[in-house]
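Report on one structure; see the data block that follows.
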Amino acid sequence: MTVGSQTLEALDDPGLSYGFSPPHIDDQQIASAIKLIDASGICVRVAKWRSEDQERAGKGRGGRPGSLNDRVVLVLLLVLALEGSPLLVTHAAAVVEHRLSGEARAMLGISPDRIGNPVWYDRFWRAFHSLLDVIDPFPGPRNRLLTVDEWADVMASRDSEECERKQERLDWVANQLLEASMRMIPRSVRRKWKGNVCIDATPVAAFGKRGTTKGSDRVGSEPDGGWYVREGDHRDPGDDRGKQYRKTLWGWEATLAVMSTNDPSGPDEFPHLVVAIGFGKPGADIAGHGVRAFGSIVRRGHPVGMAIADRAYFPNSKPEDLQLPLRAMGYGLVFDYRKDQLGITESYAGAIQVEGAWYCPSMPQVLIEATIDFKVNKSIDKTTYAQRIEQRRRYLLRAKERADQDGYTPMMCPAAGRSATVYCPLKTPVGKVAGRSRITIAPSHPDRICTNRSSVSFPPTAGAKYGQSLHSGSSEWHAMYATARNTIEGFNGYVKDANHEALDQPGRRRVRGYASQYLLTAMLVMSANLRKIDTFIRKHGKDEAAVAKPPRRPRRRDRLANYEPVASVLTDGDPPAD
């Protein structure tokens, strides 16, 4: 943002004498930011945690309150994010000193008792780190480069239980910021989302020197970070065209869970926001970040639908780490497979699992290897592949009923029951299929799925690594997967827009440390959510009420309501109850 002959980006020196008057921030902007931060409930919870920590450490609550508190810190960061300014301490100090009206200062509880940027710089710095102290799982000195031995001492001094407790706090704070932004969606619009979520990680580069160089006696400025390396182009689902580029950076990954469409063929019914966030070293604990993100969504009372992700999450995670926990939450899974994960991946009770679904063991080999022939051997064209995927449906096992409370699902052979799709002499008498055209099968080595009279109960662990909810390779699978992946890739680009949040520019968020970078990243994602909401409402808001109304039925003459007693008879003249 340019003001006069200078720019706000020039305010990197805390002792700078400005020489110009930065634009005032409208009081309504401050009031709106306060409303959002207060609605998040973060300040109340942080105050409670701070008291708990003091009691645990046996410390009193002495000392006078700071000039700036947690609420002011979060409000000023949000205001800067929304106007597209860097999240720097110097910029926050400039807001306090130059850009607030007296009424805005009063709303924030700031007393302008002293003037001069260095004073407000120091005050904001102390207030910001006072907040971080309560939620920082990886504390340590950040004002200089440490030697390798000094860093080893820092690592040894960290208490694992304390780190875990503060990580949970930090995750909660970051997700509450997103929750506050989601509550800005009109309720009628928000309720249209049915719980489909696409999850992915995007790199967040650290500012300054990278990690420890081999042979160096000092660690980097962000030793809690790690290397992010990506090779190839993964935009096309199932595409394995090889390495096309190599991208490396030092920093972290932000795990973003984005609201995905209910119907890929329909219009946008709601803005696609980030509903949950995680943060950590690149490629580390991918499943853990996924479980915590989805767990946060469920705990906040949002609907549960499909969980869509790339192969880094499904099926490459251990099922007990990710797939089974998500299914236990109620999520269905949608994902793609590597070349070496195609065809038969598992069997149970005689049934075979092919690309996420259970089939009759007599399914023809040409159908079992349909995806292999299309993607690996390249021996069939797209039309033939689509036909073979549809032909697979005849051999699908059917659920006799829903899974029980332990996740066990009774599965039926495709030749069993009234809705049988194939004929097998082990299941159906010949006289029962007269006049119906069905393929005849004959299992060579019948197992329980073939010999059981009714159904076989499949445990939740059977095929858990590769099982998914949609028919892999089908048109509905392609529509859901491709749309969701495009949605999250679009949001990644949206939050990195250099004119707004600019998440991929580390020079705009220079405070050191994992906790500060996680918090600032969550604030930028919150800002992007709010921009998305504003755009959606301006585009759809006028027509939303009309779209939401169902068609009216013709009014009937003979209605039971015609015989309702009048109000005076019901109440006998008393005022109506609340």
Side-chain angles (χ1 to χ4, degrees), residues 32 36 39 82 175-200 202 235 237 255-277 290 293-294 296-310 326 329-335 468-471 474-495 497 500-501 525-553:
S32 297
L36 279 163
L82 288 171
N175 282 283
Q176 283 301 113
L177 289 173
L178 303 188
E179 181 67 18
S181 66
M182 287 191 65
R183 295 296 168 180
M184 296 301 292
I185 307 175
R187 190 177 184 185
S188 61
V189 176
R190 190 171 66 243
R191 286 187 167 184
K192 293 182 179 180
W193 175 53
K194 303 305 179 185
N196 292 345
V197 172
C198 187
I199 190 168
D200 197 11
T202 190
R235 290 173 295 180
T255 300
L256 305 181
V258 178
M259 301 161 66
S260 188
T261 183
N262 305 320
D263 179 11
S265 63
D268 286 339
E269 298 180 284
F270 48 83
H272 300 287
L273 310 183
V274 174
V275 65
I277 188 172
F294 282 102
S296 174
I297 295 171
V298 173
R299 284 192 299 273
R300 285 181 274 140
H302 292 295
V304 173
M306 295 291 185
I308 305 108
D310 64 14
L326 291 193
M329 295 179 201
Y331 281 97
L333 308 183
V334 180
F335 53 92
Q468 63 172 304
S469 301
L470 296 184
H471 194 206
S474 65
S475 57
E476 66 266 27
W477 177 88
H478 273 288
M480 179 64 73
Y481 184 81
T483 301
R485 293 292 303 154
N486 288 339
T487 297
I488 196 163
E489 291 292 346
F491 193 97
N492 288 342
Y494 189 81
V495 77
D497 186 340
H500 296 281
E501 290 79 22
V525 174
M526 179 188 188
S527 171
N529 274 356
L530 294 170
R531 284 202 298 123
K532 283 264 187 183
I533 295 170
D534 183 61
T535 300
F536 183 89
I537 290 176
R538 283 190 284 108
K539 183 178 180 181
H540 301 282
K542 293 182 179 179
D543 301 325
E544 191 59 45
V547 172
K549 289 182 179 179
R552 294 187 61 181
R553 293 176 54 186

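What's counted below: heavy atoms across the whole structure, side chains too, no hydrogens, waters or symmetry copies. These figures come from a predicted structure and were not determined experimentally. We're numbering straight along the sequence, starting at 1.
- Counting heavy atoms from C-beta on, the side chains of R485 and D200 come closer than 4.5 Å.
- A distance of 8.0 Å separates CE of M259 from NE2 of H302, quoted to the nearest 0.5 Å.
- Contact of the M184 side chain with the N529 side chain is not registered, since no non-hydrogen atoms from C-beta on lie closer than 4.5 Å.
- Rounding to the nearest 0.5 angstrom, the gap separating the CZ atom in R191 from the CZ atom in F270 is 15.0 Å.
- A side-chain donor-acceptor contact under 3.5 Å links N262 to the backbone of K192.
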Pair R190-R183, side chain to side chain contact (heavy atoms under 4.5 Å, CB included): steps then yes or no: CA-CA 8 Å; R190 190 171 66 243; R183 295 296 168 180; 3.2 Å; yes
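- To the nearest 0.5 Å, the span separating OG on S469 from CG on L333 amounts to 5.5 Å.
- Note that CD1 of I277 is 8.0 Å distant from OG1 of T255, once rounded to the nearest 0.5 Å.
- Across all non-hydrogen atoms, the minimal contact from S260 to C198 is CB-N, 4.3 Å.
- Residues M329 and V304 approach most closely at O-CG1, 3.8 Å, considering heavy atoms.
- Side-chain contact check for V197 versus I308: every heavy-atom pair is 4.5 Å or farther apart.
- Between T535 and P271, every side-chain heavy-atom pair lies at or beyond the 4.5 Å cut-off.
- In this structure, the side chains of L36 and M526 come closer than 4.5 Å at one or more pairs of heavy atoms.
- Expressed to the nearest 0.5 Å, how far CZ of R531 lies from NE2 of H500 amounts to 4.0 Å.
- Residues N492 and V495 approach most closely at O-CG1, 3.5 Å, considering heavy atoms.
- For the pair I199 and G290, the tightest heavy-atom approach, listed with the atom from each and the gap, is CD1-CA, 3.8 Å.
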Report the C-alpha distance between T487 and T261 in whole Å, list the side-chain angles of each, state the deciding distance to 0.1 Å, and finish with yes or no for side chain to side chain contact (heavy atoms under 4.5 Å, CB included). CA-CA 9 Å; T487 297; T261 183; 5.9 Å; no
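- Inter-residue side-chain proximity for V298 and Y331 is flagged as met; some heavy-atom pair is nearer than 4.5 Å.
- Judged by distance alone, the side chain of N196 and the main-chain N or O of G305 form no donor-acceptor pair under 3.5 Å.
- Side-chain atoms of S296 and R300 form a donor-acceptor pair, as typed in the model, at a separation below 3.5 Å.
- Residues W193 and L273 fail the side-chain proximity criterion, which asks for heavy atoms closer than 4.5 Å.
- Shown here for Y481 and F335, the closest heavy-atom pair between the two residues is CE1-CA, 3.8 Å.
- Of the possible donor and acceptor atoms, none in the side chain of N175 sits under 3.5 Å from a partner among the backbone N and O of A293.
- To the nearest 0.5 Å, atoms CG (D263) and CE (M480) are separated by 8.0 Å.
- The backbone N or O of L530 lies less than 3.5 Å from no partner atom in the side chain of D534, so there is not a single donor-acceptor pair.
- In terms of heavy atoms, E476 sits closest to L470 at O-CD1, 4.0 Å.
- In this structure, V274 and F491 have side chains that are in contact, with non-hydrogen atoms separated by less than 4.5 Å.
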